[in-house]
Amino acid sequence: MTDHKKIEEAVRLFLEGIGEDPEREGLIDTPGRIARMCEELYGGMDADVSEHLSRTFSVDSSEMVIERDITFYSTCEHHILPFFGKAHIAYVPDGKVVGLSKLARTVEVFARRLQLQEQLTGQIADALMEFMQPKGALVMIEAEHMCMTMRGIKKPGSRTVTIARRGVFESDPELEERFFRMMGGR
């Protein structure tokens, strides 16, 4: 649960710290706006991913399922700056699947927390394995980090790619190759 009062106090102190006047017309309502924004941006802190992955449907197939190009926005825990991109999820069912929107919702739950991209990738893969119990899961995330584009090294357009493999994706390199072929050779 976000604590609006604490966030508003922190924003006022921040504004003073950078030399601004938190009482000037353009900033007077900013602490409240930031507090409300935090509810949305960090709503994953209170969300339970099992809520999205526990409703499954029986299937006879054990063919790979891929949901690609899931847009997400997250916040780097090191600089409190955004990173954003696409998540691609593959899994091999073991008798059950979830609705495709549930995969995107799973990405959102973890993305709406202070994060590291490497951690985000693994959390999604681990949640799929825990709650869906597939034969395997693979999560690939491609993201641009504002801490590299607007500050520091200042290299806009550079993308970081992370991959988490679980189950049969760890033991069957041909399955992983098939995933990449289906992704268009990324």
Side-chain angles (χ1 to χ4, degrees), residues 41-45 47-79 81-149 153 155-186:
L41 294 184
Y42 307 113
M45 298 298 297
D48 182 0
V49 74
S50 68
E51 172 182 324
H52 303 297
L53 295 176
S54 59
R55 176 133 164 72
T56 60
F57 305 95
S58 297
V59 293
D60 294 330
S61 171
S62 62
E63 293 297 320
M64 183 181 354
V65 175
I66 297 176
E67 181 74 14
R68 59 184 278 178
D69 297 323
I70 302 168
T71 301
F72 74 91
Y73 300 91
S74 192
T75 306
C76 168
E77 66 183 35
H78 291 157
H79 298 99
L81 285 171
F83 69 96
F84 57 92
K86 305 280 184 184
H88 316 287
I89 297 175
Y91 70 95
V92 177
D94 191 11
K96 55 188 176 180
V97 296
V98 294
L100 295 177
S101 69
K102 303 306 184 192
L103 298 175
R105 290 184 192 283
T106 299
V107 171
E108 282 299 301
V109 165
F110 291 117
R112 293 190 179 277
R113 300 175 180 182
L114 291 177
Q115 275 292 8
L116 298 175
Q117 181 176 334
E118 300 86 345
Q119 180 177 279
L120 173 63
T121 309
Q123 287 172 336
I124 296 166
D126 291 340
L128 295 174
M129 294 301 290
E130 180 180 351
F131 297 107
M132 292 177 57
Q133 300 172 343
K135 294 179 181 178
L138 187 148
V139 177
M140 181 172 90
I141 292 180
E142 303 172 275
E144 184 168 335
H145 292 250
M146 298 304 286
C147 59
M148 281 189 52
T149 63
I153 192 80
K155 296 296 180 196
S158 58
R159 301 182 66 72
T160 300
V161 178
T162 50
I163 297 174
R165 299 169 192 85
R166 304 290 187 267
V168 294
F169 284 99
E170 292 176 292
S171 59
D172 185 349
E174 288 180 25
L175 191 59
E176 182 179 0
E177 286 176 32
R178 194 165 91 197
F179 166 79
F180 284 110
R181 280 194 311 273
M182 292 173 75
M183 291 292 297
R186 289 187 168 172

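Values in this document were obtained by computation on a predicted structure and should not be read as measured data.
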Sub-4.5 Å side-chain heavy-atom contact between [X] and [Y]:
X    : Y    : answer
F179 : H88  : yes
T106 : F131 : no
F169 : V92  : yes
I89  : V107 : yes
R105 : L53  : no
R68  : M140 : no
L120 : F72  : yes
H145 : Q117 : yes

_Verdict with reasoning, H52 to V98, per side chain to side chain contact (heavy atoms under 4.5 Å, CB included)_ = CA-CA 8 Å; H52 303 297; V98 294; over 6 Å; no
[X] [atom1] to [Y] [atom2] distance, which is reported to the nearest 0.5 Å:
X    : Y    : atom1 : atom2 : result
K86  : I141 : NZ    : CD1   : 12.5 Å
K135 : D172 : NZ    : CG    : 11.5 Å
M64  : L138 : CE    : CG    : 8.5 Å
T149 : F83  : OG1   : CZ    : 13.0 Å
K102 : R55  : NZ    : CZ    : 8.5 Å
Q119 : D126 : CD    : CG    : 10.5 Å

*Could you give me the CA-CA distance, side-chain angles and deciding distance for L114 and M45, then say whether side chain to side chain contact (heavy atoms under 4.5 Å, CB included) is met?*
CA-CA 9 Å; L114 291 177; M45 298 298 297; 5.9 Å; no
*How close do A137 and A125 get, heavy atom to heavy atom, and via which atoms?*
CB-O, 4.4 Å
*Can you name the nearest heavy-atom pair linking P134 to P93, along with the distance?*
CB-CA, 4.4 Å
*Mind running side chain to side chain contact (heavy atoms under 4.5 Å, CB included) on T71 and F84 for me, showing each step along the way?*
CA-CA 8 Å; T71 301; F84 57 92; over 6 Å; no
*Evaluate salt bridge (charged side-chain N to carboxylate O under 4.0 Å, His left out) for R166 paired with E130, printing each intermediate quantity in order.*
CA-CA 11 Å; R166 304 290 187 267; E130 180 180 351; over 6 Å; no
*asked:* Applying side chain to side chain donor-acceptor pair (under 3.5 Å), can you list everything that pairs with E67, at least two apart in sequence or on another chain?
replied: none
*Is a side-chain N or O of R112 found less than 3.5 angstrom from the main chain of G43, in a donor-acceptor match?*
no
*Can any side-chain N or O of Q133 pair as donor or acceptor with the backbone N or O of D94 at less than 3.5 Å?*
no
*side chain to side chain contact (heavy atoms under 4.5 Å, CB included) between I124 and L103, intermediate numbers included*: CA-CA 9 Å; I124 296 166; L103 298 175; over 6 Å; no
_Regarding Q115 and S74, do their side chains bring together a donor and an acceptor under 3.5 Å, going by distance alone?_
no
